[in-house]
Amino acid sequence: MSKDLNKNNNSNELKRDLGEARSLNFLEEIIEEDLRKGKYKNIVTRFPPEPNGYLHIGHAKSICLNFGLAQKYNGYTNLRFDDTNPVTEDVEYVDSIKNDVKWLGFNWANEFYSSDYFNELYTFAVTLIRKGLAYIDDSSPEKIAAEKGTPTEPGIENEFRKRSIEENLLLFEQMKNGKFKDGEKVLRAKIDMKAINMHLRDPIMYRIKYAHHHRTGDTWCIYPMYDFAHGQSDSIEHITHSICTLEFVPHRPLYDWYIDNLEIFPSHQYEFARLNMTYTVMSKRRLLQLVNESYVSGWDDPRMPTISAYRRKGYTPSSIRTFCEKIGVAKRDNLIDISLLEFCLREELNVSAQRVMAVLHPIKLIIDNYDENKTEELVTENLPNDTNNTRTISFSKELWIEKEDFLETPVKKWFRLAPGAMVRLKSAYIIRCDSFKKDNEGTVTEIHCTYFPESKSGHDTSELKVKGTIHWLSVQHAAQAEVRLYDRLFTVENPAMEEADFKNFINPNSLEIIHAYIEPVLLKAKPDDHFQFIRNGYFYLDKDSKPGALVFNRTVTLKDSFKQ
RNA sequence: UGUCCCAUAGUAUAAAGGUAGUACAACAGAUUUUGAUUCUGUCUGUCGAGGUUCGAAUCCUCGUGGGACAACCA
């Protein structure tokens, strides 16, 4: 019997090992299948943002997916700007997108633009006209929309659909040459006005727009629509796996229709569920509103879910990559708990961020039995338990401590300071609170303590035991800085899903700006340094810092399991 | 009153017809000169009803629920 058990255990373990080794997401399964069947020798993916806004954490998921898949399967990834609508696009966005992708740690094989293919796309359109598969429609947008029908009623064909190939060819050329006004004509694919899929009811391929394009300038006055540009651009680049979000599922038959009828390289589209995260919004429209209506200071306001905001706030690229890895990829709508992102960050910073002391909300503590002319240089670690990596901090009679570390009448399980209570000052001495002073309004202004010289950190012979350790700064030695404490931007988990306007749920306390006391060593902080302000959280120098006027952003708080 | 996509703990994500697992969250305890970290443990799950099968989270049917689709946006 025990023999059987062993046998079972072994085979089960083996099975589990195998199972885990080949636990693939649905895209990896598709790719491995394609590779195994020899459909492709190498895979090629692309990340195709429209340069009309800043990248956010949802794009990071797509970036990690596209670049990650290509890396895993020895392929490569193109960065392609999907710039077919000149009125919304700008080089400012191109630059920020490139910067963000690089910062995340990915290198693209080629930098391409849909606008690179305008000539080729024009030729494709002519090909379809010649095949009798496209026509010029003179109708107004309203008429076209009306003739399109609804999801439950078929559309109807109009008179322009019967135009001859010759006339279509001529009119299309005239469209290109600027003979018509904005919106006067469009080129449409001739597919099926009764198709159940609305996207197949003679979709528009080209429209007239007299707009300056950030790359092609005024060369063109006709621009291809997304559906007529995207698949063909994929095809031109020999993209094997064109990965996009779920809202493009109904576009796939059209994607395939263009490729089939043009008889070009058969790229294939696959869709995954976009990232949603708690306590934020992810749509470009809403983010734009937050910026335009000054709910935040800009696209890189650290409360935004943009890549540039996370960078500014002090997130590391690897923490974001780890996050994207952990959330997985599937086809169901999801709402990821933001605490997973914070976990990924803390996990990393915990082992790397130098510890320093900073007092955010100061109150003065006076050690009555300490010589007022004395200063001691005390040794403290830069990282916990790393005794070889230390610095010194100055200790003297008057100190700053956090207001929150003193309670006149302590609650139960209170480990910190209170009248008669003892705590350790981190890396220094154990003290006992003897008295305190209040102002006229009853606010505590000064705390008086006694210290125990024999309890000195590292040389403690006092045999005193305390439950609490608090951080502190010497009044005469402390430096100062502005500190920005960020909290979540919204008060509800999914603001976009609320009945009311999402802006009704903005957290009024999402930013607290304070002037804090900091350890003098922080005056030498460099822009890339991550610090843990002991017991307060992780902090990072803001770009607003100037010599002598530093600004620190709180990247994330520490976990806090103390419930008051 | 259409078509398509989707449905596994609170949140995500595995299990390719054969043990429902992992992470985060939450909770409890131990350790701790950060109420951090670390360690240990607890909690909770296959949307429903039928069917196929020795056996169903997995395959089929019908429901139910959620999402997408009617821009000269992407």
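Scope of the values below: all heavy atoms of this structure, side chains included, with no hydrogens, waters or symmetry mates. Source: prediction; values computed, not measured. Per chain, numbering begins at 1; letters A, B, ... match sequence-line order.
Which of B/rC69, B/rA74, B/rA36 sits closest to the side chain of A/L558 comes down to B/rA36. Of the candidates B/rC72, B/rA14, B/rC69, B/rC72 carries the atom nearest the A/R207 side chain, counting heavy atoms from C-beta on. Distances from the side chain of A/N85 to the nucleotides B/rA14, B/rU33, B/rA74 place B/rA74 closest. Distance from the side chain of A/T469 is smallest to B/rU33 among B/rA70, B/rU33, B/rA36. Taking every side-chain heavy atom of A/E50 into account, B/rC73 is the closest of B/rC73, B/rA12, B/rA14. Here the side chain of A/Q532 is nearest to one of B/rA74, B/rU34, B/rG2, namely B/rU34. Nearest nucleotide to the A/S339 side chain, out of B/rG67, B/rA25, B/rU34: B/rA25. For A/M225, the listed nucleotide lying nearest its side chain is B/rC72; candidates were B/rG67, B/rC72, B/rG2. Nearest to the side-chain atoms of A/W414 among the listed nucleotides B/rG35, B/rA25, B/rA12 stands B/rG35. Side-chain atoms of A/D560 lie closest to B/rG35 of the nucleotides B/rG35, B/rC72, B/rA68.
Separating the CD1 atom of A/I338 from the P atom of B/rA23 is a distance of 22 Å, rounded to the nearest angstrom. The distance from atom CD1 of A/I144 to atom C1' of B/rA70 is 13 Å, rounded to the nearest whole Å.
In this structure, A/K72 NZ and A/L24 CG are separated by 5.5 Å, a value rounded to the nearest 0.5 Å. Considering NZ of A/K326 and CD1 of A/I336, their distance stands at 12.5 Å, rounded to 0.5 Å. In this structure, A/R416 CZ and A/K467 NZ are separated by 13.5 Å, a value rounded to the nearest 0.5 Å.
Pair assignment for B/rU11: B/rA23, on the basis of Watson-Crick or G-U wobble contacts that are both within less than 3.5 Å. Base pairing annotation: B/rG2 forms a Watson-Crick or G-U wobble pair with B/rC69, both donor-acceptor distances under 3.5 Å. With both pairing distances under 3.5 Å, B/rG48 is matched to B/rC62 as a Watson-Crick or G-U wobble pair.
A salt bridge links A/E271 to A/R252: at least one charged side-chain nitrogen sits closer than 4.0 Å to a carboxylate oxygen.
Between A/K559 and the phosphate of B/rA25, there is a side-chain N or O to OP1/OP2 separation shorter than 4.0 Å. Note on A/R346: every side-chain N or O is 4.0 Å or more away from OP1 and OP2 of B/rC24. Applying the 4.0 Å criterion to OP1 and OP2 of B/rA36, one finds that A/S561 has a side-chain N or O inside that range. A sub-4.0 Å separation between OP1 or OP2 of B/rA70 and a side-chain N or O of A/R201 is absent. Look at A/K209 and you'll find a side-chain N or O under 4.0 angstrom from OP1 or OP2 of B/rC73. Taking side-chain N and O atoms only, A/T84 has no distance below 4.0 Å to OP1 or OP2 of B/rC73. For A/R355, no side-chain nitrogen or oxygen approaches OP1 or OP2 of B/rA36 to under 4.0 Å. Dashed line: the shortest gap from a side-chain N or O of A/K563 to OP1 or OP2 of B/rA26 is not under 4.0 Å.
Nearest heavy atoms, A/E50 versus A/D82: CG-O, 3.3 Å.
A/E348 and A/T322 share no donor-acceptor pair across their side chains, judged by distance under 3.5 Å alone.
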